[in-house]
Amino acid sequence: MHSPGNSRRKFMKTVGLGTAALALSRRVLASKATAETPAPRPNILWISTEDISPDLGCYGDPYAVTPNLDRFAAQGTRYSNAFAHAGVCAPARSGIITGMYPTTIGTNPMRCSGVPPAEVSCFTEYLRAAGYYCTNNVKTDYQFAPPMTAWDDSSRTAHWRNRGAGQPFFSVINLTITHESQIRTTNPQRLDQLATLGPDEQHDPARAQLPPYYPDTPIVRRDWARYYDLITLMDKEVAAILRQLEDDGLAEDTIVWFWGDHGRGLPRAKRWIYDSGLQVPLMVRVPEKFRQWAHPTDPEALRPGAVSDDLVSFIDFGPTVLSLAGVPVPGHMQGQPFLGGQQAEAREYIFAARDRMDEAYDLIRAVRDKRYKYIRNFMPHLTYGQDIDYMNQMPTMQEMRRLNAAGELKGPEKQYFRPAKPIEELYDIIADPHEVQNLADDPQYGDVLQRMGRVLLGWMKDTGDVGLIPELDFDEMKRPGDVFEVTGEPRFAPQKKRFSRAVTVTISCATPGASIAYRTDGKEDKTGWRLYHEPVTLRPGQALLAQATRLGFTDSPVARYRMGDAVPAADPASRPARPHWREGLDQTDLLERLLAIKALDGADAGLRFVDINEDGFDDTVFSNDEQYSIHLFESMKTGWSREILSGLRGQKDAKDELPMIVRKDGTNNGFWVHSRHLWWQNEQTVPLILQLHL
């Protein structure tokens, strides 16, 4: 086991300093292109839609009715291997907006409240600093409050048409009509809208081609057909947006993306990290004049009707937009540009994660190349079919549960309700696109299994995956006492300009990683704030307002300065009171130890279960019990003692609240895991000690 210092250096090399050389090479490439020809400033438009897989005509789906998207695909490049890093919206969007894996910055459990490291910002801030007008209409859902510095306008009226004259724009329009909730909606307005579809646009449930893991019943077919009807409605909305671009004469000046925010909103798709939950449509239309810029090595890859099988991950989206805009990609970002002057080499793998989904805890990781998908279930004792109230409202889910209770499911239909999951899953995606034939136990795929498992474990280590830390304890690590830190109030440093009545004001904030928004019009509306990135010129009579924000913190109070005002001294109390959780975690080997423990799942690893009685250790032994992962994780999920997190090993917690203590034994050949209470197979609570020989 290497030292905590080595662990931290390895992590920083991987997610920060290790990418500095790549970032430098990107900047050099971009500067060379700029030296030869002025960097173009294309407009960039994202049209995203919710909860769809590549279920479109242009992806070869004969059931789909999507003429507008099919036409759009024929005008641009269609990506056949684009994937979310999470099968649900909030963790997926957290990675998109930051260019970082949520498992690294601590934003992977669904509906959590993250506190990312100081260097992490919304990628749109770099665009704004470069002069782009950035709008979002309207969903954010980042797992942290969207900072006021991220967008010029994030509202239902946000639009590129509100920008300044000649200003390049980056605009996001998010369509919600395909959301999971709309499949089961009874809203009269939506039902009336669906009724407007013509006979050749409506999807006949009888013609639906269901995946093999769904029971073939009228209810399931009805949901499947409704899902496709909604896609057809969405197709019309995309056409309306593209017409606006044409009407404004901007089509030849704008790079347009269309993509889905994760897989279809049906059971075993959304929320899961099978391809049905991860694979999304992605199409990019690049006007001819930008193709050399967007793909310097092969502009023909962006010709009309082109298809790319390159692996693309959501965390690549932000860096790619920066690359297309000619903005240097920050070195800390884990995503890599697949277009633009800073284009990286094609990926060999994409990675994905599933943690808590609403009220249901789970812990799953996956890695995929162009042929194989490897899945590691870190809580294998849990069934796939956990109860999630929101998901249970879907008629298909209700039908599956009804048939399961009646014992009427067969074949792959039953897999979802198995009482436990396999520790490992391996699928040949080409031969088995629905991922129902697990090859993990097939000896002829042993080399593939080992390779993919090794790659996944390496990714978890190198990116500092925090998923194995129980969420309640991680919440306490990142925000002790659930108390939000407050971003320091902005400070003003005015300097009078020579031969002018104006002053130049520099604005700063003591909080590391803070961004500053400002305005000089005296208003405090939600929109209209500018991103501070260079000194502000203030003229007589103007008042300067500034507010500082940091991801995961509470915004500072609004500070005001008018020319001639006295500048107050800095308030030391405004500085953050504690170091960031990542700094403390990277000083320990906790993540490596947790992975080492879980590496023993399913293996004969010399485990001893020892009963604890009042006289000390009883030599009762449950050796190499195949259910030991249940014992370990039932204890892990109910809470670790704070001693683990603070680094004080081997101290017995006096509280009777399911503590666990992990320490290395004196022989350097194992760990002791002590839990005063642990669920046993007879559903009684017994105290146990587990020794793991590593």
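All of these numbers come straight from a predicted model, not from anything done at the bench. The figures here come from the full heavy-atom set of this structure, side chains too, leaving out hydrogens, waters and symmetry mates.
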> Hey, mind stepping through Leu594 and Leu590 against side-chain contact (heavy atoms from CB on, under 4.5 Å) and telling me if it holds?
Replying inline: CA-CA 6 Å; Leu594 295 179; Leu590 176 62; 4.0 Å; yes
> Quick one: does Gln336's side chain have a donor or acceptor within less than 3.5 Å of a partner on Glu345's backbone?
Replying inline: yes
>> I'd like to know if the side chain of Ser323 and the backbone of Gln342 have a donor-acceptor N/O pair within less than 3.5 Å.
In response: yes
> Going by atom types alone, do Thr135 and Ser171 pair a side-chain donor with an acceptor below 3.5 Å?
Replying inline: yes
> What closest approach, in Å, do Leu278 and His85 show between heavy atoms, and which atom pair accounts for it?
Replying inline: CD2-C, 4.3 Å
> Should we say atom CD of Gln167 is surrounded by more than 12 heavy atoms from elsewhere, each under 6.0 Å from it?
Replying inline: yes
>> Please check: side-chain N/O of Gln343 versus main-chain N/O of Phe338, any donor-acceptor pairing under 3.5 Å?
In response: yes
> Do the side chains of His262 and Asp51 get nearer than 4.5 Å, heavy atoms only?
Replying inline: yes
> Given the side-chain rings of Phe170 and Phe123, with only the six-membered ring counted for Trp, is the space between their centroids under 6.0 Å?
Replying inline: yes
>> Between the side chains of Asp152 and Arg128, is the shortest nitrogen-to-carboxylate-oxygen separation below 4.0 Å, so that they form an ion pair?
In response: yes
>> Taking the side chain as everything from C-beta on, heavy atoms only, tell me whether Arg291 gets closer than 4.5 Å to Thr77.
In response: no
>> Any side-chain to backbone donor/acceptor pair from Asn136 onto Lys139? Under 3.5 Å, distance only.
In response: yes
>> Nearest 0.5 Å, please: how far is CG in Leu250 from CG in Leu245?
In response: 5.5 Å
>> Tell me every residue that passes salt bridge (charged side-chain N to carboxylate O under 4.0 Å, His left out) with Arg163, counting only those two or more places apart in sequence or in another chain.
In response: none
> For the side chain of Lys496 and the backbone of Ser500, is there at least one donor-acceptor N/O pair under 3.5 Å apart?
Replying inline: yes
> Is the closest side-chain donor-acceptor distance between Thr506 and Gln495 under 3.5 Å?
Replying inline: no
> In a check of side chain to side chain contact (heavy atoms under 4.5 Å, CB included) between Ile105 and each of Val115, Val120, Thr463, Leu551, which one passes?
Replying inline: Val120
>> Strictly distance-based, threshold 3.5 Å: is any side-chain N or O of His332 a donor or acceptor partner for the main-chain N or O of Glu119?
In response: yes
>> Rounded at 0.5 Å granularity, tell me how far CZ in Arg161 sits from CZ in Phe169.
In response: 10.0 Å
>> For Asp465, is there an ion pair with Arg365 - N to carboxylate O distance below 4.0 angstrom?
In response: yes
>> Going by the rule salt bridge (charged side-chain N to carboxylate O under 4.0 Å, His left out), which residues pair with Arg479 if we only count those two or more places apart in sequence or in a different chain?
In response: none
>> Asp555 vs Val486, test: side-chain contact (heavy atoms from CB on, under 4.5 Å). Steps then yes/no.
In response: CA-CA 6 Å; Asp555 291 347; Val486 180; over 6 Å; no
> Between Asp521 and Lys523, is there a donor-acceptor pair closer than 3.5 Å when you use the side chain of the first and the backbone of the second?
Replying inline: yes
> Are any of the side-chain nitrogens in Glu485 or Arg550 under 4.0 Å away from the carboxylate oxygens of its partner?
Replying inline: no
> Is it true that Arg356 and Glu471 make a salt bridge, defined as a side-chain N closer than 4.0 Å to a carboxylate O?
Replying inline: yes
> CH2 of Trp459 to OH of Tyr101: how many Å apart, nearest 0.5 Å?
Replying inline: 6.0 Å
> Restricting to pairs with a member in residues 530-544, which pass side-chain hydrogen bond (donor to acceptor under 3.5 Å, both in side chains), not counting sequence neighbours?
Replying inline: none
> Under the 3.5 angstrom rule, does the side chain of Ser155 hit a backbone N or O of Ala158 as a donor-acceptor pair?
Replying inline: yes
>> Given Trp160, which partner from the list Asn137, Asp248, Thr254 fulfils the side chain to side chain donor-acceptor pair (under 3.5 Å) test?
In response: Asp248
>> Counting the benzene-type ring for Trp, do Phe258 and Trp46 have ring centres under 6.0 Å apart?
In response: no
> Is the Phe72-Trp259 ring centre distance short of 6.0 angstrom?
Replying inline: no
> Distance from Met357 atom CE to Met110 atom CE, nearest 0.5 Å?
Replying inline: 7.0 Å
>> Any donor-acceptor pair under 3.5 Å linking the side-chain atoms of Thr487 with those of Thr549?
In response: no
> Does the pair Leu591 and Leu468 meet the rule for a side-chain contact (heavy atoms from CB on, under 4.5 Å), with working shown?
Replying inline: CA-CA 7 Å; Leu591 300 182; Leu468 283 168; 5.9 Å; no
> Between Gln143 and Cys112, what is the shortest heavy-atom contact and its length?
Replying inline: OE1-N, 3.1 Å
> Taking all non-hydrogen atoms of both residues, which atom of Pro299 and which atom of Thr297 are closest, and how far apart?
Replying inline: CD-C, 4.0 Å
> Could you walk me through whether Tyr142 and Thr107 pass the side-chain contact (heavy atoms from CB on, under 4.5 Å) check?
Replying inline: CA-CA 8 Å; Tyr142 302 145; Thr107 56; over 6 Å; no
> What pair of heavy atoms forms the shortest contact from Val329 to Pro337, and how long is it?
Replying inline: CG2-CG, 3.9 Å
>> Give me the atom names and distance for the closest heavy-atom approach of Val88 to Pro91.
In response: CG1-CD, 3.4 Å
> Do we see a donor-acceptor contact under 3.5 Å between the side chains of His159 and Gln244?
Replying inline: yes
> Taking atom types as modelled, is there a side-chain donor on Thr103 or Asn108 under 3.5 Å from an acceptor on the other?
Replying inline: no
>> How close do Phe290 and Glu252 get, counting heavy atoms only, and between which atoms?
In response: CE1-O, 4.0 Å
> So, Trp293 side chain and Lys289 main chain: donor-acceptor pair closer than 3.5 Å or not?
Replying inline: no
> Between Leu585 and Val466, is any pair of side-chain heavy atoms under 4.5 Å apart?
Replying inline: yes
> Hey, are Thr176 and Glu50 close enough side-chain-wise for a donor-acceptor pair under 3.5 Å?
Replying inline: no
>> For Phe492 together with Tyr561, are the ring centres under 6.0 Å from each other?
In response: yes
>> For Ser515 and Glu125, which I'm curious about, is there any donor-acceptor pair between the side chains at under 3.5 Å?
In response: yes
> Thinking salt bridges, do Arg41 and Asp253 make one under a 4.0 Å N-O criterion?
Replying inline: no
>> How about NZ on Lys526, more than 12 heavy atoms from neighbouring residues, nucleotides or ligands closer than 6.0 Å, or not?
In response: no
> Taking side chain as C-beta onward, heavy atoms only, is Trp257 less than 4.5 Å from Ser48?
Replying inline: no
